[in-house]
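Structure, as structure tokens:
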Amino acid sequence: MGADGRGMMRAMSGDEIYEYVAWFHDETLPVDDQCHEWPGVVGIWARDPESAQAWGDELAKTCGDTFVRSTVEPWPISAAKPTVMCVVGQRLTAAQIGW
């Protein structure tokens, strides 16, 4: 797959991109601090929302903060491409994801 994502798009024809949002708690901050709970967003190519969420949850385990919950929705067609994107099964480091 090319670095520009075109190879990924061809390889995943028939799949959809999903917006995966993981919510974390930074236990070093007080509960009333606005940064105590924060989201991380990843675009995930998958056959269905369940597999996107399962893979996103696996990636969320790489974060040093406490994983709380996640949501997944089809990526809005009108939205810009995700900053971070992967295919189900593609390992990304916490640094690559940005969490």
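Each residue takes its place number in the sequence, starting with 1.
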Tell me, do P82 and V84 make a side-chain contact under 4.5 Å, heavy atoms counted? no
Answer whether the closest heavy-atom distance between the side chains of C86 and V42 falls below 4.5 Å. yes
Tell me, please, which residues at least two apart from W75 pass ring-ring contact (aromatic ring centres under 6.0 Å, His included). none
Check whether [X] and [Y] end up in the same hydrophobic cluster, where Ile, Leu, Val, Met, Phe, Trp and Tyr are linked by side-chain heavy atoms less than 4.5 Å apart.
X: W55; Y: Y20; result: yes
X: V72; Y: W38; result: no
X: Y18; Y: W23; result: no
X: I44; Y: L92; result: yes

Heavy atoms only: give me the nearest F24-A60 pair and the separation to one decimal. CE2-O, 3.6 Å
Q53 side chain to E50 backbone, donor-acceptor under 3.5 Å: no
Here the salt bridge (charged side-chain N to carboxylate O under 4.0 Å, His left out) pairs for residues 25-40, sequence neighbours left out, are E37-R69
Please list all pairs passing the salt bridge (charged side-chain N to carboxylate O under 4.0 Å, His left out) test where one or both residues lie in residues 87-99, with sequence neighbours left out. E58-R91
Would you please test I17 and M85 for side chain to side chain contact (heavy atoms under 4.5 Å, CB included) and show each step? CA-CA 9 Å; I17 188 167; M85 186 167 44; 2.9 Å; yes
L59 CG to F67 CZ distance, which is reported to the nearest 0.5 Å: 10.0 Å
From H36 atom NE2 to L29 atom CG, the distance as rounded to the nearest 0.5 Å: 8.0 Å
Candidate pair E19 and V41, rule side chain to side chain contact (heavy atoms under 4.5 Å, CB included), full reasoning: CA-CA 7 Å; E19 178 185 50; V41 180; 3.9 Å; yes
